[in-house]
Structures are given as C-alpha cells and as structure tokens.
Amino acid sequence: MKRTFLLLVFYFFSVATNAQCAMCRAALEGEGNVKKAAAVNDGIVYLMMIPYILVALIGIFIYRMYSKKKQNS
C-alpha cells in the first residue's frame, strides 16, 4: 500500500512536464509567448490527470467492495 501511494505521488507531482500537441506548440512558439505557453502546458497536464484520477477512484471503490464481500463470506 505504501509503495502504491508513493508511486502515485511521484507520478502526479513530477518536477518538469512538457506536454504539448503539435498545433499548440506551433501556435505558441516564440519568445513572446513564454507565459502563455506555460499556462497551456499546465492546462494540458491538468486535463490529462482527470481520467487517471477517475480510474483510480473506481479501482479503489471496486477493491473495497470485493474486500467487504470477502469479509462477509
């Protein structure tokens, strides 16, 4: 359990993330858009995290449901 928690912490709180699609990169290339490019990167990473969090929550729910079922048997 500790190992899983530690892996999740390291996965979601990485130091440097560079996530841009090709169109976003082309639109934001240049020296004047540094702040805007950082904001787009943060938005992409935020949107990418939501499905992983949902899958993790569903997995935890299923795990708890099966563990309660085993205890009652």
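No hydrogens, no waters, no symmetry mates; every other heavy atom, side chains included, goes into these values.
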Check: To the nearest 0.5 Å, what is the distance between CD1 (I53) and CG (L8)?
Finding: 9.5 Å

Next item on the list: Decide whether F5 and M49 are clustered together by the hydrophobic rule: side chain heavy atoms of Ile, Leu, Val, Met, Phe, Trp, Tyr closer than 4.5 Å, transitively.
Entry: yes

Next item on the list: Treat each ILVMFWY residue as a node, draw an edge where side-chain heavy atoms are under 4.5 Å apart, and state whether L54 and Y46 are in one component.
Entry: yes

Checklist line | Flag side-chain contact, heavy atom, 4.5 Å: Y66 against K70 | finding: no

Item checked: Separation between CG of L57 and CD1 of I62, rounded to the nearest 0.5 Å -> 11.0 Å

